[in-house]
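Accompanying notes for the structure given below.
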Amino acid sequence: MWARTIAPSGGSDSFYVTSGSALIREWTVPLSAGWQWNKVAEVFVGAGPFNTEFRQREDGTWLDKVLLTND
């Protein structure tokens with residue numbers, strides 16, 4: 001799983017990533033002033049629906065797009 005983010009400072013650089021009620025990880029994003037793709041985590045999902053949520057851990061961290069791929 002990858003996501004495109006902006007993390008302008010050390011006080012604005014993280015998210016909570018969950019699936020259902022389970023925490024996948026507390027994700028600290030590399031600092032960047034512009035949009036950049038970053039690997040969130042390796043997730044293994046079977047057939048059927050998969051729900052994931054990103055919650056802002058620190059104010060000022062931005063997330064634009066998410067990509068789930070097997071490549």
Side-chain angles (χ1 to χ4, degrees):
M1 181 185 309
W2 293 73
R4 198 168 83 142
T5 62
I6 293 177
S9 71
S12 298
D13 68 346
S14 64
F15 294 95
Y16 292 110
V17 185
T18 60
S19 178
S21 62
L23 180 67
I24 294 175
R25 73 177 296 189
E26 292 180 13
W27 181 35
T28 300
V29 178
L31 299 181
S32 65
W35 293 109
Q36 109 181 357
W37 284 99
N38 298 292
K39 187 174 185 176
V40 179
E42 289 189 22
V43 294
F44 300 95
V45 297
F50 173 73
N51 296 321
T52 193
E53 295 179 6
F54 291 81
R55 291 185 301 137
Q56 205 171 26
R57 185 169 176 243
E58 297 171 319
D59 202 23
T61 315
W62 295 14
L63 186 142
D64 178 44
K65 297 178 180 168
V66 176
L67 174 67
L68 185 59
T69 180
N70 64 356
D71 183 16

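Summarising the geometry, atom CH2 belonging to Trp2 is positioned 10.5 Å from atom CD belonging to Gln36; distances are rounded to the nearest 0.5 Å. Taking NZ of Lys65 as the reference point, atom CH2 of Trp37 lies at 6.5 Å (rounded to 0.5 Å).
Screening Val40, Val29, Thr28 for a side-chain contact (heavy atoms from CB on, under 4.5 Å) with Phe15, the sole residue that qualifies is Val29.
Of all heavy-atom pairs spanning Gly60 and Pro8, the tightest one is O-CD, 3.4 Å. A pairwise comparison of heavy atoms in Thr61 and Ser14 identifies OG1-N, 3.4 Å as the closest pair. Residues Ala41 and Ile24 share a closest heavy-atom pair of CB-CG2, 4.1 Å.
With hydrogens and angles disregarded, a donor-acceptor distance shorter than 3.5 Å links the side chain of Ser12 to the backbone of Asp59. For Glu53 (side chain) and Thr18 (main-chain N/O), no donor-acceptor pair under 3.5 Å exists by modelled atom type.
No continuous path of ILVMFWY side-chain contacts below 4.5 Å connects Ile6 to Tyr16, so the two sit in separate hydrophobic clusters. Placement of Met1 and Trp35 in two distinct hydrophobic clusters is found when ILVMFWY residues are connected by side-chain heavy-atom separations under 4.5 Å, directly or transitively.
For Arg25, the salt bridge (Lys or Arg N to Asp or Glu O under 4.0 Å) criterion is met by no residue, not counting sequence neighbours. Applying the side chain to side chain donor-acceptor pair (under 3.5 Å) rule to Gln56 yields no partners; only residues at least two apart in sequence or on another chain are considered.
A heavy-atom distance below 4.5 Å is found between the side chains of Thr5 and Trp27. Contact check for Leu68 versus Val43: side-chain heavy atoms found under the 4.5 Å cut-off.
Enclosure of atom CG in Asp64 by more than 12 non-hydrogen atoms of other residues, nucleotides or ligands within 6.0 angstrom is indicated.
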